[in-house]
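Contents: one structure, followed by commentary.
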Amino acid sequence: MLAKYAVHVEDSRGRRHPEPAHPYRNDFQRDRDRVIHSRAFRRLEAKTQVFTRRYSDHFRNRLTHTIEVSQISRTIAAQLNLNIDLVEALALVHDIGHPPFGHAGEKALDAAMRDHGFSFDHNLHALRIVEDFEIRYAAFRGLNLTFEVREGIIKHSHDYDAADHPELAEYLLDLRPPLEAQLIDLTDEIAYDTADLDDGYEARLLTVDQIAGGVSIFDRSLREVQLLYPNAPEKLLFNEVVKRVFDTLVGDLITNTRQRLDDTGADSLDAIRCHPGRMAAFSAPIEKERRALKDFLYENLYFSPALEGEKEDAERIVGELFAHWMEEPNDLPRSYREKAAHEPLPRVICDYIAGMTDPFIYQQYEKYCRD
Ligand code: MG
């Protein structure tokens, strides 16, 4: 059933530390399971996606977002005859390197690092987590994941320049990642674009008229749904519209990627890797509408005055805690003090903060930064 251009588990480049085969799980299934059983995966539950818990218990957090990305990715991968085990492992691990407080936290951490001549990147951090920070096995540090999962962690969302990242040379930076990894970036977009509409509407930060006025793909479905259910309550109309937007994006991604595979005659993983651009893509008209939806969300939700206070909190808390530990490294837990003997202090502090959940970083802030 697996397409010729899919990743076949028996062709995996394998693990850093060779391990005996498992009697009934293949290597990608084991990687998926190792991600699920990691501490970093469990912490996703207490990390902000867009809305903090202050708003509602019903909104997405990074864990439920991750599960949604996994669901969408599996559906699409099955239609394209891709390796579902690999896709699922990549979806479940894709946000594991995110710091607390969503994108505001990521920006604040990067800014603090730049003051010391470094930077923060959540994909690179995710690789450090699975390679080094997770300590579960007696035989090695990290999760000892297969090459294909580590490659996907690095390359799913963008291409790193080989000249700027000599430490990533083993990940074939001059080649495209397999389709299984390419998918993740696009399903991530589908998941959060639709979920953020949903949560934004539920939070009463967005109205149906406002969205329909700014987002053509939403407006089209709304007209259709209003004819079908003239008497339905607005919330249910809204749900029906979001479902259609979702199906339009997913359906287009499947059809268009299949078309591109046919057009180029790609019949091997090498053909995917050597193709000049990424093969997984929306069609041009839907890509334009998706872009417009994303722009709408930036303008009306992510940058809305209602979320401004939380963004300022994130910047203040991350910034002040970072500065505190730079001045008082003895206030770091012992394992991090030991690390600082071999690694630059800013990197050690950054690793510590990036791993934190929202509640834990609040607690640390109360402890060290409130007089
Ligand atoms: Mg994501």
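When a ligand or atom number is given, it counts from 1 through the structure's own listing order.
Of all the N, O or S atoms in Asp95, the one closest to the Mg ion (ligand 1) is OD2. For the Mg ion (ligand 1), the nearest N, O or S atom contributed by Asp188 is named OD1.
Between Tyr201 and Phe238, the ring-plane angle classifies as parallel under the 30° and 60° cut-offs.
Between Asp31 and Thr146, the side chains place a donor N or O and an acceptor N or O closer than 3.5 Å (distance only, hydrogens not considered).
Using a cut-off of 2.8 Å, one finds that His65 contributes an N/O/S atom close to the Mg ion (ligand 1).
For Phe322 and His116, the distance between ring centers is under 6.0 angstrom. Checked against the 6.0 Å centroid criterion, the rings of Trp325 and Tyr352 qualify as a close aromatic pair.
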